[in-house]
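First comes the structure, then the notes that go with it.
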Amino acid sequence: MSQSAALEPTDAPAPLVPFEHRLYMLSPFGILATTALIFVLLYGGFLLIATLERAPTISFADRHITMSSGAWPALVLVLLCCTALGVQRYIRTRELADVESFTAIFKSGRSTADIMGQWAPHDAKLGRATFAGLLLGVVASVAILASQSTASGFRSHIGTMVWFLVVITLLMMSFTRGVEMSRKAGASFRKLMESELVIDLLRVENLAVLGRSAARGALIWFSVTAVVCLFFVGGGMDWFTVALLVACAAMGLWMFVGTLHAVHRKIHAAKTAELEHTRREIEQTRRQIGSDPHAASRLQGLLAYETRIHGVREWPFDQSTAVRVAAYVLIPAIPWFGQAVAQYFVEHFVRFSG
């Protein structure tokens, strides 16, 4: 999804493979195992540093497990990083699996489909986005740690504060890079739809692959939003959490509706033109009924065709995709409905038998 309409798909430069995907390419494990390993390394690093500095983390008392006010946000930050990395990798592998479906709906066939399956838009300014994320991450880290370190008991634990600074900065860099790739991919997708997409109103169901693609793009933002909501489970709420929550939810909706709007307009235009042409034919055939014995049968066929075209869906997704996106929208609400249960398990975890 990275080629402009002014260029032919065969002129595309070498595919850009972002660092986020290179991590998984270098790993000998699958997506789930690699993501779990990243989680263990990040959160394990926090627990190790905090333990060495004698900072409070996770305590066991009276058959209960209790997480400190520092261990909980550290856990959520790591979950944010791992969710963004894991879901992003999953989405791109599913896009590659749909290359054959993309081939059937483009003028240039496989060459354009290969562009749709690229790991990232070739014109994405990832260096600039990374630098912006670095600056935002440092500023956000300093502001958050300065306002909360005293209450969390971490002001005297330099190593733990440095861990928070690094992870928050990495998270902001991942966020700005994700925004840049989503923005470029969305813009290039719309241009590609204008120049390459073939609208066959009798086979409009072939376009459902575009709906699946857009739904996957939205999934990562809704998933990240759900993890952000975990901050509220512990009662923590600050400007960083709220801003990230709103931004991720907005990006999720924009990725789905905004991406498909260009395809919707193209289907609507083709449908309108075909209906107008068919209705003119119906009008001409109706005038010939008295003089042409075959006109009545042709009229029946035209009326049936008009009904078929009139019923064509103008948005390129099927019912299963609509249900899937509706479920994605509910993903951020899961932590809210499960807040009482989550809070109980955070504070009490499990009561041992005997």
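For clarity, every value in this text was computed on a predicted model and none was experimentally measured.
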With a 3.5 Å distance limit and no angle check, can you tell me whether [X] reaches the backbone of [Y] through a side-chain donor-acceptor pair?
| X | Y | answer |
| --- | --- | --- |
| Ser213 | Val209 | no |
| Glu196 | Ser108 | yes |
| Trp163 | Leu42 | yes |
| Thr83 | Leu80 | no |
| Lys271 | Val312 | yes |
| Thr176 | Met172 | yes |
| Thr272 | His268 | yes |
| Tyr24 | Tyr90 | no |
| Lys107 | Val198 | no |

ILVMFWY cluster, [X] and [Y] together (side-chain gap under 4.5 Å):
| X | Y | answer |
| --- | --- | --- |
| Leu96 | Met25 | yes |
| Leu41 | Phe29 | yes |
| Val167 | Leu48 | no |
| Leu52 | Leu165 | no |

What distance separates [X] [atom1] from [Y] [atom2], expressed to the nearest 0.5 Å?
| X | Y | atom1 | atom2 | value |
| --- | --- | --- | --- | --- |
| Leu197 | Leu210 | CG | CG | 6.0 Å |
| Arg298 | Ile289 | CZ | CD1 | 9.5 Å |
| Cys82 | Leu37 | SG | CG | 9.5 Å |
| Thr169 | Phe164 | OG1 | CZ | 12.5 Å |
| Arg280 | Leu275 | CZ | CG | 11.0 Å |
| Ile309 | Arg279 | CD1 | CZ | 10.5 Å |

Closest approach of [X] and [Y], non-hydrogen atoms and distance?
| X | Y | value |
| --- | --- | --- |
| Glu306 | Ile282 | OE1-CD1, 3.7 Å |
| Leu299 | Thr285 | N-CG2, 3.9 Å |
| Arg308 | Leu202 | NH2-O, 3.1 Å |
| Ile49 | Gly159 | CG2-C, 3.5 Å |
| Ala218 | Phe256 | CB-CB, 4.1 Å |
| Leu260 | Pro316 | CD2-CG, 3.8 Å |

Are [X] and [Y] side-chain neighbours, meaning at least one heavy-atom pair lies under 4.5 Å?
| X | Y | result |
| --- | --- | --- |
| Arg212 | Ser101 | yes |
| Leu219 | Arg94 | no |
| Gln288 | His294 | no |
| Ile38 | Cys81 | no |
| Asp200 | Asn206 | no |
| Thr160 | Phe46 | yes |
| Leu77 | Leu171 | yes |

Determine the interplanar angle of the Phe106 and Phe102 rings, folded into 0 to 90°, and report it as parallel if under 30°, tilted if 30 to 60°, perpendicular if over 60°. parallel
Could you tell me how the ring of His261 sits relative to the ring of His264: parallel (under 30°), tilted (30 to 60°) or perpendicular (over 60°)? tilted
Pairs involving residues 35-50, ordered by first then second residue, that meet salt bridge (Lys or Arg N to Asp or Glu O under 4.0 Å) (sequence neighbours left out): none
Out of Val87, Leu85, Thr93, which one pairs with Arg89 under the side chain to side chain contact (heavy atoms under 4.5 Å, CB included) rule? Thr93
Thinking salt bridges, do Arg287 and Glu283 make one under a 4.0 Å N-O criterion? yes
Exactly one of Gln300, Glu274, Glu281 clears side chain to side chain donor-acceptor pair (under 3.5 Å) with Tyr305, and that residue is Glu274
Carefully, step by step, assess Phe39 and Leu75 under the rule side-chain contact (heavy atoms from CB on, under 4.5 Å). CA-CA 9 Å; Phe39 173 85; Leu75 175 64; 3.6 Å; yes
Donor-acceptor pairs under 3.5 angstrom involving side-chain atoms of residues 126-140: please list them, not counting sequence neighbours.
| residue | atom | partner | partner atom | Å |
| --- | --- | --- | --- | --- |
| Thr130 | OG1 | Leu126 | O | 2.6 |
| Thr130 | OG1 | Arg177 | NH1 | 2.8 |

Evaluate the criterion salt bridge (Lys or Arg N to Asp or Glu O under 4.0 Å) for residue pair Arg265 and Glu314; output intermediate values, then yes/no. CA-CA 8 Å; Arg265 288 190 292 105; Glu314 296 187 8; over 6 Å; no
How about Leu32: does its CG atom have over 12 heavy atoms from other parts shown lying under 6.0 Å from it? no
